[in-house]
Amino acid sequence: MAATHVSATAGAVEQALRGRRTDVGGVAFRIALFGALLISLLVLVILLADVFRTAWPVFRDRGVADFVTSNISSLPERAGVRQGIIGSLYIVAFVVVIAIPLGIGGAIYMEEYARDTRLTRVINANIRNLAGVPAIVYGLLGIALFVQFQALQPITGGRSIISGGLTIAILVLPIVIITSAEALRAVPRSIREAAFGVGATRWEVVRSHVLPYAAPGIFTGTILTLARAFGETAPLILLGAATGFLSTGSAGFVDTLKGPYTALPTLVFAYARKNLRAFEQITAATIVTLLVVLLLVNATAIILRNRYERKW
Amino acid sequence: MSESGDPMDVTNRVQLPESEGGQAEHEQGPRLAVRQSRDEPEVQREVVFDVRDVSNYYGDFRAVRNVTLPVFRNEITALIGPSGCGKTTFLRNLNRMNDLIEGARIEGELLYHGVDLYDPQVDPVEVRRRIGMVFQKPNPFPKSIYDNVAFGPRIAGFTGNMDDLVEESLHRAALWDEVKDKLKESGMALSGGQQQRLCIARAIATRPDVILMDEPCSALDPIATQRIEDLMLELKHRYSIVIVTHNMQQAARVSDRTAFFTVEVHEDSGQRTGTVVEYDKTETIFTNPSDKRTEDYVTGRFG
């Protein structure tokens with residue numbers, strides 16, 4: 001009796017377990033998701049492949065060194081990106097020196113010190129909104145503030161690297177604040193409590209525990225910020241980058257900063273507007289240069305981050 | 001903290017180096033007598049915390065109301081009660097940990113060795129150096145075992161031999177033998193029970209006067225729990241301990257006094273406010289409670 005009872009149960013179990021059906025909806029969803037990924041990647045790959053293919057003759061015929069050390073020119077066989085690289089690096093330097101310390105500092109104040117009042121919430125929401133403001137608006141702000149504002153003009157020198165760099169620094173500031181604040185918010189409360197619990201002051205808690213814990217996240221935000229600063233074009237065009245030529249040779253450091261300039265993305269824009277067919281290749285080669293410089297800067301930032309991480 | 005002479009005294013005695021055994025015995029002598037004569041009229045112990053009619057508010061919400069209880073030196077005081085009855089909130093009053101929560105405030109009077117802990121002149125940082133805390137979930141810093149213990153003394157400006165202090169603290173927390181060969185490894189790599197003992201070592205490294213423990217064993221298995229309990233019985237000879245626990249056996253096993261908290265639900269608002277029903281010697285609470293609610297709780301009929 002017992003045996004037949006067991007086998008009856010076993011039979012029912014077997015039937016239930018083996019009744020495996022194909023989950024049509026699930027499979028379709030999975031295929032759709034994979035398709036979405038594939039299309040995104042495909043577009044990117046095709047774009048990159050096309051750019052590299054177009055740019056190839058320039059690097060092949062003239063060599064990389066010649067292209068990146070040549071100045072802007074209206075003759076395609078002599079056109080290069082030297083001033084663009086220098087200008088872009090200057091602008092990134094402004095971001096590193098101004099936007100990143102200010103942004104991280106602001107984020108620390110907001111997350112660790114400021115009380116949660118209506119005012120802080122309004123400020124918080126507005127910083128998020130600022131990150132979504134179109135870049136061209138920042139360009140207009142830059143013109144008003146650094147070019148037309150009489151008091152600042154002697155310092156910035158009008159449409160100069162200083163104006164462009166400061167404008168880009170302001171533009172990326174909200175991004176620095178938001179990503180840093182996210183990283184700080186991800187630090188577990190238990191770590192703060194543990195530090196307060198042994199008699200640490202707020203500053204000691206932040207310095208010894210919160211910042212080291214949040215550092216990788218803050219660095220990641222920084223890297224994203226640099227990428228953004230590199231790629232930004234519109235405000236720089238407003239601030240005179242496209243038409244400018246970087247003063248070369250004898251000019252001193254400050255004069256260079258106050259002088260006309262250009263940057264890699266603006267150079268892309270400038271070359272792309274030329275009608276000569278040969279400039280298509282120059283444009284593509286400039287894009288490749290932009291990508292490579294961007295990757296180099298990011299790689300440096302990542303190496304620095306990893307080295308910093310290992311210390312803790 | 002003008003009247004800091006008293007707790008300093010404790011700290012100094014704790015500082016005496018490895019004469020530990022003799023020292024402890026010496027201190028223990030009269031206390032054992034007290035323990036044995038428990039039922040006789042109380043030999044008055046020193047009061048560490050004198051809590052008078054303390055209530056906790058989060059904004060307008062009253063989380064804990066009208067707690068009055070003395071906490072005595074070199075005793076383990078257990079806070080028991082159902083979830084949400086305000087035990088932890090109350091515990092965190094004792095080292096001003098609630099200051100860190102926005103909108104939290106306290107009413108009533110809370111004296112620590114006669115000093116009003118919430119006097120505007122009192123520095124909460126100094127309070128937390130004297131009144132250490134062990135949290136519910138082991139929360140070592142993501143740093144080395146050594147740095148976990150050394151952090152507190154370092155920021156307190158400790159100038160003695162840090163290696164000795166770290167070793168001594170780990171010894172007292174009954175962790176030294178397990179970690180002495182890997183002090184440079186991360187505290188996060190230890191097991192849960194070891195992490196909690198590391199947190200205890202961290203708490204005693206600042207040479208506190210009191211240790212607050214918020215359900216220190218709730219994330220631990222029975223063996224690790226037993227080790228922590230043994231440790232508490234050991235530590236109470238030097239420190240005063242206040243422990244929140246959900247485990248009534250634990251309260252019965254280790255504590256000298258027990259406060260039973262309960263939660264009152266207000267009929268109109270549905271607000272839940274915790275308060276103390278009964279506070280007495282642990283033995284009394286568990287064998288002969290005077291309040292029906294305490295009896296129901298400790299016999300397992302409720303909660």
Side-chain angles (χ1 to χ4, degrees), chain A residues 106-125 180-221 305-312, chain B residues 59 88 91-92 94-103 123-144 147-158 169 186-188 195-196 198-208 211-214 219:
Chain A
I108 293 173
Y109 182 78
M110 240 170 45
E111 289 302 313
E112 304 295 325
Y113 288 86
R115 300 181 67 83
D116 184 25
T117 61
R118 186 185 295 262
L119 180 69
T120 46
R121 258 175 266 167
V122 167
I123 291 174
N124 215 328
S180 304
E182 274 331 315
L184 290 168
R185 218 168 290 160
V187 178
R189 215 178 77 166
S190 65
I191 289 186
R192 291 192 181 86
E193 288 195 329
F196 278 119
V198 291
T201 62
R202 191 168 286 278
W203 158 236
E204 284 159 348
V205 173
V206 169
R207 185 194 55 192
S208 301
H209 299 286
V210 174
L211 280 184
Y213 198 98
I218 293 177
F219 265 112
T220 306
R305 177 185 74 183
N306 292 349
R307 182 169 300 174
Y308 188 68
E309 259 180 326
R310 230 170 283 144
K311 274 206 292 191
W312 304 99
Chain B
T88 297
L91 184 79
R92 293 163 65 101
L94 300 179
N95 67 343
R96 296 195 50 171
M97 215 58 180
N98 285 332
D99 289 20
L100 305 176
I101 297 169
E102 210 138 313
D123 178 8
V125 168
E126 189 58 39
V127 168
R128 294 185 202 116
R129 270 176 202 163
R130 286 163 192 278
I131 305 169
M133 190 156 199
V134 177
F135 297 85
Q136 181 172 2
K137 258 179 63 188
N139 56 352
F141 300 128
K143 298 182 179 229
S144 73
D147 284 340
N148 261 278
V149 182
F151 176 70
R154 206 177 278 148
I155 56 172
F158 176 76
S169 305
S186 169
M188 308 289 279
Q195 285 188 11
Q196 197 61 302
L198 177 60
C199 292
I200 292 174
R202 179 176 67 191
I204 58 188
T206 54
R207 308 187 186 285
I211 303 174
L212 309 178
M213 297 185 165
D214 185 4

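Protein chains get the first letters and strands the later ones, always in sequence-line order, with residue 1 at the start of each.
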(request) Evaluate side chain to side chain contact (heavy atoms under 4.5 Å, CB included) for B:Arg128 paired with B:Met133, printing each intermediate quantity in order. (result) CA-CA 8 Å; B:Arg128 294 185 202 116; B:Met133 190 156 199; over 6 Å; no
(request) Please state whether the side chain, the backbone, both or neither of A:Arg192 comes within less than 4.5 Å of a heavy atom of chain B. (result) neither
(request) Indicate whether any N or O donor in one side chain lies under 3.5 Å from an N or O acceptor in the other, for A:Glu193 and A:Ser190. (result) no
(message) So which residue, B:Val125, B:Ile131, B:Asn148, B:Asp147, ends up with the most heavy-atom pairs under 4.5 Å with chain A?
(response) B:Val125
(request) Please state whether the side chain, the backbone, both or neither of B:Ile155 comes within less than 4.5 Å of a heavy atom of chain A. (result) both
(message) Please check this pair: side chain of B:Gln195 against backbone of B:Asn139, looking for a donor-acceptor N/O pair closer than 3.5 Å.
(response) no
(message) With a 4.5 angstrom heavy-atom cut-off, is it the side chain or the backbone of B:Arg154 that approaches chain A, or both, or neither?
(response) neither
(request) Measure across B:Pro153 and B:Ala205 and return the closest heavy-atom pair with its distance rounded to 0.1 Å. (result) CG-O, 3.5 Å
